[in-house]
There are 2 protein chains.
Amino acid sequence: MKVKEVVTIHSFDEEGALLPEEKETINRLTKLPMESLDLDAIAVVTNVYRMAQGLKNKMEREVLADYGLSWTSFSMLYDLWIGDSIETKKLAELAGVTKPTVSNITKTLERKELCYRKTGDRDRRATYVTITEKGRSVMEDLYPRFHQGEAEIASGLSVAEQKQVSALIRKVIKANDF
Amino acid sequence: MKVKEVVTIHSFDEEGALLPEEKETINRLTKLPMESLDLDAIAVVTNVYRMAQGLKNKMEREVLADYGLSWTSFSMLYDLWIGDSIETKKLAELAGVTKPTVSNITKTLERKELCYRKTGDRDRRATYVTITEKGRSVMEDLYPRFHQGEAEIASGLSVAEQKQVSALIRKVIKANDF
DNA sequence: TCACAATCGTTAGCTATGAAATGATAATAA
DNA sequence: TTATTATCATTTCATAGCTAACGATTGTGA
């Protein structure tokens with residue numbers, strides 16, 4: 001009789017701590033003493049990444065798909081909505097992506113007539129990206145729904161817990177210059 | 001004289017709360033009462049995503065680039081390292097990506113001779129992916145360095161704070177089925 | 001002034017990613 | 001048994017995203 005194989009990978013208990021099985025497996029494979037494994041750091045990184053991936057997928061499927069926008073496209077259009085006209089370089093910093101990515105995404109947004117690009121007057125090396133009226137109207141429709149999604153995602157936590165998470169993650173972002 | 005333009009976009013104070021300027025801008029643009037904006041939810045989602053993006057970039061540049069592995073490739077190879085042989089479907093669930101992505105990534109890993117694919121015996125629809133010796137040896141070299149990166153990233157928080165973050169984020173993941 | 005360096009954006013070439021369609025196999029119902 | 005349905009994985013096609021290389025513009029030092 002065949003025994004069902006159970007594979008335990010990055011599994012956490014209710015407290016968010018790594019399960020003992022995986023601890024032992026890592027220990028066996030790395031041939032390193034378990035004491036040198038920072039299990040809390042593993043849990044932080046793994047869980048944060050997982051949540052980010054989950055919320056990105058949820059938003060793209062449930063909200064942004066209506067306009068065929070990716071998370072980054074939307075985030076960039078949001079920046080333009082708030083800031084009106086922004087240089088490519090700054091857009092890259094704001095969105096946390098490289099400049100070639102900004103080139104690609106603004107090109108796509110431009111094709112959809114949600115923004116347009118224009119060479120800078122003072123410095124002709126710079127390119128300024130500006131949101132169009134159509135872009136504004138898309139955001140007026142989309143943002144409330146996007147925000148509702150955000151609220152849903154965070155609703156499992158109390159307001160106090162939400163503030164706690166933000167403050168702690170903020171600390172990590174600052175310490176690592178993310 | 002030209003006044004320098006300052007654009008405030010998704011900027012947070014030390015506590016991780018949205019700055020008042022952006023609050024007002026969103027309010028003006030959405031024409032919705034500020035009370036209906038869940039600012040804490042915005043902060044949670046934005047900060048978590050930002051941290052995830054930052055840590056992904058850091059790891060890919062500082063650790064994974066040596067073997068030309070992406071975050072997902074590495075995470076998948078890790079799963080195979082722990083689990084030895086895993087179906088494509090399960091790999092997708094573990095990594096939180098779609099099956100086509102698994103197809104592509106395992107194809108790349110296979111080209112690098114870090115894993116191989118084999119059709120299932122019982123169910124010939126299924127494909128099992130297995131790590132190779134070379135894959136194991138890459139992980140033995142890479143994992144300690146990857147783990148060091150994780151530890152560095154989380155080191156801005158105390159152990160108690162790390163446990164707190166994990167537990168809270170875990171809660172969100174569970175509530176949203178991420 | 002002119003050569004050199006710095007800065008900005010894009011292009012080129014690659015992998016990653018998802019939705020939708022396809023192909024193959026297995027399970028189920030008539 | 002046969003037809004239908006369900007389940008897997010892959011292919012196709014599009015966008016996203018990186019690094020490296022390039023082209024254009026500006027700044028700087030001799």
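Sequence lines set the chain letters: A, B, ... in the order given, protein chains first and strands last, and positions in each chain run from 1.
One can place CG of A/Asn104 at 16 Å from P of C/dT17, the figure rounded to the nearest angstrom. Distance CG (B/Asp121) to C1' (C/dA26): 15 Å, rounded to an integer number of Å. Rounded to an integer number of Å, the gap from CD of B/Glu87 to C1' of C/dT25 is 16 Å. Distance, A/Asp123 CG to C/dT7 P: 12 Å, rounded to whole Å. With rounding to whole Å, B/Met76 atom CE is found 16 Å from C/dT15 atom P. Rounding to whole angstrom units, CH2 of residue B/Trp71 and P of C/dT17 are separated by 12 Å. The interatomic distance linking B/Leu64 (CG) with C/dA16 (P) rounds to 12 Å, in whole Å.
Between the side chain of B/Asn176 and the backbone N or O of A/Ile153 there is at least one donor-acceptor pair closer than 3.5 Å. Under the 3.5 Å distance criterion, the side-chain polar atoms of A/Thr106 are matched with a main-chain donor or acceptor of A/Ser103. With hydrogens and angles ignored, the 3.5 Å screen pairs no side-chain donor or acceptor of B/Lys112 with any backbone N or O of B/Gly135.
Within 4.0 Å (heavy atoms only), B/Val97 reaches sugar-phosphate atoms of the nucleic acid but no base atom. When heavy atoms are screened at a 4.0 angstrom cut-off, A/Lys112 is found touching no nucleic acid atom at all. Using a 4.0 Å heavy-atom cutoff across all strands shown, B/Lys99 reaches at least one base atom of the nucleic acid. Among the heavy atoms of the strands lying under 4.0 Å from B/Ser73 are primed sugar atoms or P, OP1, OP2 only; no base atom is included.
Using a cutoff of 4.0 Å between basic side-chain nitrogens and carboxylate oxygens, A/Glu24 and A/Arg28 are not scored as salt-bridged. Salt-bridge annotation for B/Arg145 and B/Glu62: absent, with no side-chain N of the basic residue lying under 4.0 Å from a carboxylate O of the acidic one. Using a cut-off of 4.0 Å between Lys/Arg side-chain N and Asp/Glu carboxylate O, A/Glu133 and A/Arg136 are scored as salt-bridged.
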Got a list of side-chain donor-acceptor pairs under 3.5 Å for residues 69-76 of chain B, not counting sequence neighbours?
{"residue": "B/Ser70", "atom": "OG", "partner": "B/Ser73", "partner atom": "N", "Å": "3.1"}
{"residue": "B/Ser70", "atom": "OG", "partner": "B/Ser73", "partner atom": "OG", "Å": "2.7"}

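With hydrogens and angles left out, the side-chain atoms of B/Asp121 and B/Tyr128 include no donor and acceptor closer than 3.5 Å.
Between B/Leu29 and A/Met139, every side-chain heavy-atom pair lies at or beyond the 4.5 Å cut-off.
Each of B/Tyr128 and A/Leu69 has a nearest nucleotide on DNA chain D; the 5'-most of these lies closest to B/Tyr128.
Considering only the side chain of B/Ile105, C/dT17 comes nearest among C/dT17, C/dT25, C/dG18. Residue B/Ser70 has its side chain nearest to C/dA16 when only C/dA16, C/dA19, C/dA24 are considered. Of the candidate nucleotides C/dT25, C/dT17, C/dT15, C/dT17 has the atom nearest to the side chain of B/Thr101.
Between C/dT17 and B/Thr72, a contact under 4.0 Å exists linking OP1 or OP2 to a side-chain N or O. Residue A/Lys107 has a polar side-chain atom (N or O) positioned under 4.0 Å from OP1 or OP2 of C/dT11. Between B/Thr98 and the phosphate of C/dA19, there is no side-chain N or O to OP1/OP2 separation shorter than 4.0 Å. Between B/Arg111 and the phosphate of C/dT15, there is a side-chain N or O to OP1/OP2 separation shorter than 4.0 Å. Listed pair A/Arg125 / C/dT10 fails the phosphate criterion, with no side-chain N or O lying under 4.0 Å from OP1 or OP2.
The stretch residues 45-63 of chain B touches DNA chain D through B/Arg61, each having a heavy atom under 4.0 angstrom from the strand.
Distance check, rounded to the nearest 0.5 Å: CD of A/Gln164 to CD of B/Glu161 gives 9.5 Å.
In 5' to 3' order, the nucleotides of DNA chain D bounding all contacts with chain A (an atom under 4.0 Å from a heavy atom) are D/dT15 to D/dT26.
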